[in-house]
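One-based numbering, in listed order, for ligands and for the atoms of each.
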Amino acid sequence: MSYFITTPIYYVNDVPHIGHAYTTIACDILSRFSKLKGDETFFLTGTDEHGQKVEKAALSNKKVTQDFVDEMSQNFRDLIPYLGCEIDDFIRTTEERHKISAQFLWNKLKNNDEIYLSNYEGWYSIRDEAFYLESELTETDKGFVAPSGAPVDWVKEESYFFKLSKWEDKLIEFYEKNPETILPRSRYNEVLSFIKGGLKDLSISRTTFKWGVKVPNSKHHVMYVWIDALCNYITALNYPNTSNETFKKFWPGIHVVGKDILRFHAVYWPAFLMAAGLEPPKQIFAHGWWTNEGQKISKSLGNIINPYDIIETYGLDQIRFFLFREVPFGNDGDFSKDAIALRVNADLSNNYGNLIQRISSFIIKNSDSKVSKPSNYKEIDTKLLESFDETLVHYLKNMNSFQIDKALKNIFDYLSEVNVYVDSQAPWSLKNTDNQRMKDVLYLVTLLTIKISILLYPVIPSSIDKALSIYNLSIDNLTLTNFVNFSPDSINLNIPKPLFPRIDL
Ligand code: ME8
């Protein structure tokens, strides 16, 4: 199987914040999970560098636009390893490969009679880089605002249009046949009712500024930033060369986006693709929105969460874990310091870290740093092993359907069972009464801890590398396919270092 997963490409008008980090980490988790299953995986991210918003930001920073985007794009690129993410490509829309691809797509649409020249007159929001109908706007004392709260301007200019209206029925037909394409389900319903409400042709070029991909054979028009931006996903697969191995293997792909930009991905993008004779995306997952201590995150409120600061304070895996354990993927979430501390202490420090720490220290002290496979298991042991198999089934089902929080809950519910088992078997008492049974219990708990660690790997990879090194193991030799039967004759242990120190409230 092959698996192509993408983040949105982020605007370079500002520095990255926790919202951008969230989407990138989500894709990293899914990409690592896919690799763990043995699938051939391609994880793409990058930056969206054209359009009026970016041009304006360069101007207000008194920078040459190209210099400005070079500098700002680098901030997004530098953040990736800091987030513990491993990508396969980073795309920038100002790269030559992308301009060629976007212009080819344009020509393809033009040749397929999907584009015509006319005039646009209506509302435009530079902050959202989106056109709005007056009926979508709200009137405030500062004038009309977009549903996102962004200000809008009345624009009137010559523009090329994409015949979006023509694709209304085809999109409805496609989605009704493939309802799993848009997830979660509530978002699917939202998109479908938007399409059924009627689609108008879409303005896809601008003439009032210059910072964009030039429309082929036109002096004054640059492409509307969204047609250029969406095309990044296929540029990275070597479009326009659709017969190359990469394209054939990885398209159609899976887009993970914030709910704010679902319409672009689930309405415009599939229509562009179909109109250009290409397959629509395999899946689009729209996640929710993070707030900070109950408030919308915004520059004007001064409550932007800097990913560097938060990771510095709490630790990388602690933050990765919190973001995906605390809030169902797809729902909105609130970032609160107390919630991070409570979650990390309860799950990572107590339930998981403490189990590893006390069992491995005990083995080092009382079992010569080694455990060996028991000759037979008791009924209570078999039950615990069977319960792991059930956990694995739920985990796989949930991870495969983007329910990362549920998959984590499966693991932590199981860890609680293992902790109950340890307390009931009490190896520290068996030490004096039945040394062999003590060793058997220690082996089983060690084996299950290793298996649990592998399931946790996509979410907290660097901590799992450390955890596995206690057992002289490496994730590179353990995949979800070969670890089902994993039960080595003996396991040698190294002295553990605490993985998750408790966070003070
Ligand atoms: O929209 N909570 O770029 P962008 C959760 N360039 N996610 C958030 C967030 C928050 N508070 N804030 C941002 C663009 N995000 C276009 C995309 S794709 C072809 C072009 C995340 O820099 C979320 O994924 O405004 C959202 O969709 C994205 O950042 C918007 O990034």
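Within a 6.0 Å sphere centred on CG of Asn111, other residues, nucleotides and ligands contribute more than 12 heavy atoms. In the displayed structure, Lys170 atom NZ is contacted under 6.0 Å by at most 12 heavy atoms of other residues, nucleotides or ligands. The neighbour count for Glu312 CD, taken as heavy atoms of other residues, nucleotides or ligands under 6.0 Å away, does not exceed 12.
The closest protein non-hydrogen atom to atom 12 (N) of ligand 1 is His17 CE1, 3.2 Å. Here the heavy atom of the protein found nearest to atom 13 (C) of ligand 1 is Trp289 CH2, 3.6 Å. The nearest protein atom to atom 23 (C) of ligand 1, hydrogens excluded, is given as Thr23 OG1, 3.5 Å; this is a heavy-atom distance. For atom 4 (P) of ligand 1, the nearest non-hydrogen atom of the protein is Tyr11 CD1, 3.7 Å. Among protein heavy atoms, atom 17 (C) of ligand 1 sits closest to Ile9 O, 3.2 Å. The shortest contact between atom 11 (N) of ligand 1 and any protein heavy atom is with Trp290 O, 3.3 Å. In this structure, the protein non-hydrogen atom closest to atom 27 (O) of ligand 1 is Asp260 OD1, 2.8 Å.
When non-hydrogen atoms are compared, ligand 1 lies under 4.0 Å from the side chain of His287 (C-beta onward) but not from its backbone. Counting heavy atoms under 4.0 Å from ligand 1, residue Tyr233 touches it through the side chain alone. The residue Glu129 has no part lying near ligand 1, judged by heavy-atom distances below 4.0 Å.
Each of the following atoms of ligand 1 lies closer than 4.0 Å to a heavy atom of Asp48: 6 (N), 16 (C), 20 (C). Listed by atom number, the atoms of ligand 1 under 4.0 Å from His265 heavy atoms are 18 (S), 19 (C). Close approach to Ala229 involves these atoms of ligand 1, each under 4.0 Å from a residue heavy atom: 19 (C). Near His20, with a cut-off below 4.0 Å to any heavy atom, the atoms of ligand 1 are 22 (O), 29 (O), 31 (O). Within ligand 1, counting atoms from 1 as listed, the ones closer than 4.0 Å to a heavy atom of Gly288 are 5 (C).
Residue contact annotation: Trp226 has a non-hydrogen atom under 4.0 Å from ligand 1. Ligand 1 is never approached by Lys259 to a heavy-atom distance shorter than 4.0 Å.
No donor-acceptor contact under 3.5 angstrom links the side chains of Ser218 and Tyr160, judged on distance only. In this structure, a donor-acceptor pair under 3.5 Å is absent between the side chains of Asp70 and Gln74.
Using a cutoff of 4.0 Å between basic side-chain nitrogens and carboxylate oxygens, Asp317 and Lys466 are not scored as salt-bridged. The pair Lys409-Asp413 counts as a salt bridge, with a side-chain nitrogen and a carboxylate oxygen less than 4.0 angstrom apart. Ionic pairing of Glu190 and Lys259 is not present here: no N-O contact between side-chain nitrogen and carboxylate oxygen is shorter than 4.0 angstrom. One finds no salt bridge joining Glu55 and Lys210 here, because no Lys/Arg side-chain nitrogen approaches an Asp/Glu carboxylate oxygen to under 4.0 Å. Checked for salt-bridge contact, Asp153 and Lys56 miss the test: no charged N lies under 4.0 Å from a carboxylate O.
When only interatomic distances are considered, the shortest N/O to N/O separation between Gly258 and ligand 1 falls below 3.5 Å.
Aromatic ring orientation, Phe264 versus Tyr268: perpendicular (interplanar angle above 60°, classes split at 30° and 60°).
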